[in-house]
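Heads up, the thing below is written out as structure tokens.
Residue numbering restarts at 1 for every chain, and letters A, B, ... go by the order of the sequence lines. Given the structure is predicted, the values throughout are model-derived calculations rather than measurements.
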There are 2 protein chains.
Amino acid sequence: MPNSQKKTKKELVFEAAGKLFMEKGYLAASMRELAERVGLEQASSLYNHLKSKEEVLRKICFDNANKFINGISEIEQQSNTSAEKVKQLIALHIRVATDDFTSVTVFNDEWRHLSEPFLSNFLTLRRDYENRFRKIIESGIASGEFKKTHSTVALYTILTSVRWIHYWYNEERELSLEDMEKDITSMLLTGLEKD
Amino acid sequence: MPNSQKKTKKELVFEAAGKLFMEKGYLAASMRELAERVGLEQASSLYNHLKSKEEVLRKICFDNANKFINGISEIEQQSNTSAEKVKQLIALHIRVATDDFTSVTVFNDEWRHLSEPFLSNFLTLRRDYENRFRKIIESGIASGEFKKTHSTVALYTILTSVRWIHYWYNEERELSLEDMEKDITSMLLTGLEKD
DNA sequence: CCTACCGATCGGTAGG
DNA sequence: CCTACCGATCGGTAGG
């Protein structure tokens, strides 16, 4: 909740933790530095607000997973063409990434430090999401909307195309969100080359 | 050198280290586990073959950076269309990734753990590479070969599209390298949609 | 390549 | 929220 107004100390701690995880990586982020950043003298004081370092990582990973799962569920229910659904999925990824780019970066890059059984749960959710995304691509190929392409290649090309946005988001942005979304969608659906 | 025949112990140690860095991440990879994997009882014995843990990371990061820099230098010298150059750049990324996917994964994901001045040197090389790649895209837009697209958006869409290959490389591969390259190039240059 | 070991740092707990 | 502290683990060195 990056834009809410009256934040509890717990929310502040969780947000600062996410930012630290993003900046240094989960393992390199120390509880002592986190304590400093939220104005606590001792790392031990953090444990009034969180159960463990990993609890924060779990929250970030599963909250973001749920954003994607809820998003694709809505998109599946609409009676649209496959091309329209893929466009909406691209828009979903861009929206999630720009809503809270800190947490989506941690979700993308640090999930592997989850311990079991959370790691397995997370991977199950991810595989499920990817399968549902792949099915949309495959029905577009079957219906003739899309070229005959290996669906896994198309899937990962789209999924990764959308993963550099947080990097761009930190730089000077000479481009509006809408224009960026238009350019990415255009490249993936109709290509960079002129007809 | 993943396929050479008579490897020195030093080469074996560096290779095993790269694999461990990929599997666990640089920070989570311990010198004690590396020692076990190469048949040494003590982590301290590793230091006959390497100067430090970071030395291995540095070698991986800069060796791969040089592969890309040498690749783009060759491509720039040829008198080809911009579209052909972009195709060759995509092929370069796929080739580097599949030649030694372990080391390219570490290069992609772990460079941030380089210490100064290596981190700054690395980022300078990366920025230089990206600028040269961007220039090729921009001349294709200027010449009318490519659609009017924000060149940074096009650049990162291409660069990240090619970063999931190591993931695919670990799974069962139902697809040849050549077919994958064809599908990725087709998606990025002419899009997923049928005309 | 091993033995022996070091100082630093880690996440986390007990108790108030 | 702090004081005091713990056991574990880390990368690395000295010396042979």
Polar-atom pairs under 3.5 Å, protein N or O versus N or O of nucleotides 12-16 of chain C: list them with distances, or write none.
residue, atom, partner, partner atom, Å
dG12(C), OP2, Tyr47(A), OH, 2.9
dG12(C), OP2, Lys53(A), N, 2.8

Take Lys67(A) and Asp63(A) through the test salt bridge (Lys or Arg N to Asp or Glu O under 4.0 Å) and record every step on the way to the result.
CA-CA 6 Å; Lys67(A) 285 188 196 177; Asp63(A) 282 0; over 6 Å; no

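- Note: CD (Gln42(B)) to P (dC5(C)) measures 12 Å, nearest angstrom.
- For Leu125(A), the side chain to side chain contact (heavy atoms under 4.5 Å, CB included) criterion is met by Phe62(A), Ala65(A), Ile69(A), not counting sequence neighbours.
- In this structure, Ser79(B) has no side chain to side chain donor-acceptor pair (under 3.5 Å) partners at least two apart in sequence or on a different chain.
- Qualifying ring-ring contact (aromatic ring centres under 6.0 Å, His included) partners for Phe118(B), counting only residues two or more places apart in sequence or in other chains: none.
- Taking Tyr156(B) as the reference, Trp164(A), Tyr167(A) meet the ring-ring contact (aromatic ring centres under 6.0 Å, His included) condition, with sequence neighbours excluded.
- With hydrophobic clusters built from ILVMFWY side chains whose heavy atoms lie under 4.5 angstrom apart, Leu12(B) does not share a cluster with Ile60(B).
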Let's test your reading of the pairing rules: Watson-Crick or G-U wobble, both distances under 3.5 Å, then write DNA chain C as a dot-bracket string with ( ), [ ], | and dots.
||||||||||||||||

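- Within the structure, ring-ring contact (aromatic ring centres under 6.0 Å, His included) contacts touching residues 176-195 of chain B (residues at least two apart or in different chains) do not occur.
- Rounded to a whole Å, the CD atom of Glu33(B) is 13 Å from the C1' atom of dT9(D).
- Within residues 106-118 of chain B, no residue is approached by DNA chain C to less than 4.0 Å at the level of any non-hydrogen atom.
- The residue Ala29(A) sits close only to the backbone: its heavy atoms come under 4.0 Å of sugar-phosphate atoms, none of a base.
- Listed by chain and number, the residues in a salt bridge (Lys or Arg N to Asp or Glu O under 4.0 Å) with Arg37(B) are Glu23(B), Glu33(B) (sequence neighbours excluded).
- Leu27(B) is linked by a side chain to side chain contact (heavy atoms under 4.5 Å, CB included) to Leu27(A), Ala28(A), His113(B), counting only residues two or more places apart in sequence or in another chain.
- Residues meeting the side chain to side chain contact (heavy atoms under 4.5 Å, CB included) test with Ala17(B), sequence neighbours left out: Phe21(B), Leu34(B), Val56(B).
- For Glu116(B), the side chain to side chain contact (heavy atoms under 4.5 Å, CB included) criterion is met by Leu119(B), Ser120(B), not counting sequence neighbours.
- Computed from coordinates, the Lys24(A) NZ to dT9(C) C1' distance equals 14 Å when rounded to whole Å.
- Between Leu34(B) atom CG and dC10(D) atom P there is a gap of 12 Å when expressed in whole angstrom units.
- Where Leu27(A) and Glu41(B) each meet DNA chain C at their nearest nucleotide, the meeting point lying more 5' is that of Glu41(B).
- Taking every side-chain heavy atom of Leu40(B) into account, dC1(C) is the closest of dC1(C), dC2(D), dG11(C).
- The CZ-C1' distance, from Phe21(A) to dC10(C), rounds to 14 Å in whole Å.
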